[in-house]
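Step one of this worksheet: look at the structure below.
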Amino acid sequence: EMLGAGRGGLEDKRRARDSFARACHRGDPTACERLAHMLFNGEGGPARPEKARKLLEGLCGKDVPTACSMMAVLWRTGQGVPASDMEKALRFHTRACESDSGADCLKAAEIWHSGSADKSDHGIARELFDRACKLDEQSACARLGMMMHLGQGGKKDALRARWFFQRGCEAGDGMSCSYLGLIYEVGDEVEMDPPRARGYFELACQAKVLAGCKRLALMAYNGLGGPVDRPQAYELFAATCKRGDFDGCTRLTLVHYTG
């Protein structure tokens, strides 16, 4: 098993590939999955992406969710398949989601929400974000909260949206913290609470969420929700600029010249 995971020399990998092939032939789904990995990556022998794909398709048909996930990635990226096909990727993500793969529920929801498979349905997206959230995909909780907050794919429910943001933020999802910061900064169906907003933006920024860092920088620069802190504002704008944010670069220049 360790050899199939990429350890050992070339001869070891050849033996591992042969061993997985024999076990797969006897009907071991784990061995088939490992063999597919090796065939696709050319480990222990020549790359056989077509054979790898057929193995994964067969495993997915037997409700092995990780194989369905891998097939979705292949169709999404165009690796080992004739061309990228988001509709087929969606089909495999959905199959894995039905076996309670939270990551695949999240991916399927994103595809339905964006319309990248040439069809968009916010109602289905909202249901899938909900399912992914229940399977502990915290970024899905944030996306579900935003859809509820905006009334996308169903009725608007600001109170429940905040509950999902709170849940996500407490679990370490920075985007959820950033959404909460915005809600309390502008008083969106709650009382304005700048100190609370600043605290949420701080948490979002610690989680590397660019929007949270920008809002925190602005509050620090203007002394909103806490003391004025121009050095912190400069440092945060510099960090967002370094990450390629044009607005952050513009504000960094203004802070540099105005102090």
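Since the model is a prediction, treat every value here as computed from it, not as a measurement.
- When hydrophobic clusters are built by joining Ile, Leu, Val, Met, Phe, Trp and Tyr residues whose side-chain heavy atoms come closer than 4.5 Å, directly or via intermediates, L218 is not grouped with I183.
- For R215 (side chain) and A197 (main-chain N/O), no donor-acceptor pair under 3.5 Å exists by modelled atom type.
- Contact annotation: the side chain of E33 never approaches that of T30 to less than 4.5 Å [non-hydrogen atoms, C-beta and beyond].
- Grouping the Ile, Leu, Val, Met, Phe, Trp and Tyr side chains by contacts below 4.5 angstrom, directly or via other members, places L39 with F20.
- Distance alone, capped at 3.5 Å, places no donor-acceptor pair between the S19 side chain and the R15 backbone.
- Contact check on R126 versus D130 returns no salt bridge, with no Lys/Arg side-chain nitrogen under 4.0 Å from an Asp/Glu carboxylate oxygen.
- The main-chain N or O of G44 is never found under 3.5 Å from a side-chain atom of R14 such that the two would form a donor-acceptor pair.
- Looking only at distances, a side-chain donor or acceptor of R95 sits under 3.5 Å from a matching main-chain atom of G61.
- In this structure the side chain of T240 never reaches within 4.5 angstrom of the side chain of R251, judged on heavy atoms.
- Both tests do not hold together for R48 against F40: distance to the six-membered ring centre under 6.0 Å, angle to the ring axis within 45°.
- M175 and V209 make their closest contact through N-CG2, 3.6 Å (heavy atoms, listed as atom of the first residue, atom of the second, distance).
- Expressed to the nearest 0.5 Å, how far CZ of R131 lies from SG of C97 amounts to 4.5 Å.
- In this structure, a donor-acceptor pair under 3.5 Å is absent between the side chains of D63 and S99.
- Once rounded to the nearest 0.5 Å, the distance linking CG of D104 with NZ of K107 reads 9.5 Å.
- Taking CG of L59 as the reference point, atom OG1 of T66 lies at 7.5 Å (rounded to 0.5 Å).
- The number of heavy atoms from other shown groups lying within 6.0 Å of CD (E87) does not exceed 12.
- Here E127 contributes atom CD and M147 contributes atom CE; the two are 10.0 Å apart, rounded to the nearest 0.5 Å.
- Hydrophobic clustering keeps V73 apart from M70 (ILVMFWY residues linked when any side-chain heavy atoms are closer than 4.5 Å, directly or through intermediates).
- Under a hydrophobic-cluster definition in which Ile, Leu, Val, Met, Phe, Trp and Tyr are linked whenever side-chain heavy atoms come within less than 4.5 Å, directly or via other members, L236 and L254 are assigned to different clusters.
- The aromatic rings of Y184 and Y200 lie parallel to each other, their planes meeting at an angle below 30°, with 60° marking the opposite boundary.
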Please report the C-alpha distance between K156 and E189 in whole Å, then the side-chain angles of each, then the deciding distance to 0.1 Å, and finally whether the side-chain contact (heavy atoms from CB on, under 4.5 Å) criterion is met. CA-CA 12 Å; K156 183 172 181 176; E189 300 198 37; 3.3 Å; yes
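- Expressed to the nearest 0.5 Å, how far CZ of R162 lies from CG of D157 amounts to 9.0 Å.
- Other residues, nucleotides and ligands contribute only 12 or fewer heavy atoms inside 6.0 Å of the NZ atom of K54.
- Of all the heavy atoms in C32 and L55, the pair that sits closest is O-CD1, 4.0 Å.
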May I have the step-by-step check of salt bridge (charged side-chain N to carboxylate O under 4.0 Å, His left out) for R22 and D18, ending in yes or no? CA-CA 6 Å; R22 289 192 297 271; D18 289 342; 5.1 Å; no
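- The minimum heavy-atom distance linking A217 with A233 is given by the pair O-CB, 3.5 Å.
- How far CG of L224 is from CZ of F201: 10.5 Å, rounded to the nearest 0.5 Å.
- A donor-acceptor pair under 3.5 Å is formed between the side chain of S120 and the backbone N or O of W112.
- Looking only at distances, a side-chain donor or acceptor of R17 sits under 3.5 Å from a matching main-chain atom of G45.
- Residues F129 and H122 have side chains not in contact (no heavy-atom distance under 4.5 Å, counting atoms from C-beta outward).
- More than 12 heavy atoms of other shown residues, nucleotides or ligands fall within 6.0 angstrom of atom CD in Q152.
- What you find for C24 and L35 is that their closest heavy atoms are CB-CD2, 4.2 Å.
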Verify side-chain contact (heavy atoms from CB on, under 4.5 Å) between M192 and E185, making sure each step is shown before the conclusion. CA-CA 6 Å; M192 287 179 64; E185 182 185 16; over 6 Å; no
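- The shortest distance between side-chain heavy atoms of E43 and H37 does not fall below 4.5 Å.
- In this structure, G145 and F165 approach most closely via the heavy-atom pair C-CZ, 3.4 Å.
- L90 places a side-chain heavy atom less than 4.5 Å from the side chain of K119.
- Side-chain atoms of S84 never come within 3.5 Å of backbone atoms of T77 as a donor-acceptor pair (strictly under, hydrogens ignored).
- Shown here for C133 and R167, the closest heavy-atom pair between the two residues is O-NH2, 3.0 Å.
- With a 4.5 Å cut-off on side-chain heavy atoms, E202 and C205 do not count as touching.
- Residues D188 and L182 fail the side-chain proximity criterion, which asks for heavy atoms closer than 4.5 Å.
- Transitive grouping of hydrophobic side chains (ILVMFWY, heavy atoms separated by less than 4.5 Å) keeps L150 and F164 in distinct clusters.
- Residues L203 and L180 form no side-chain contact, since every pair of their non-hydrogen atoms from C-beta on lies 4.5 Å or further apart.
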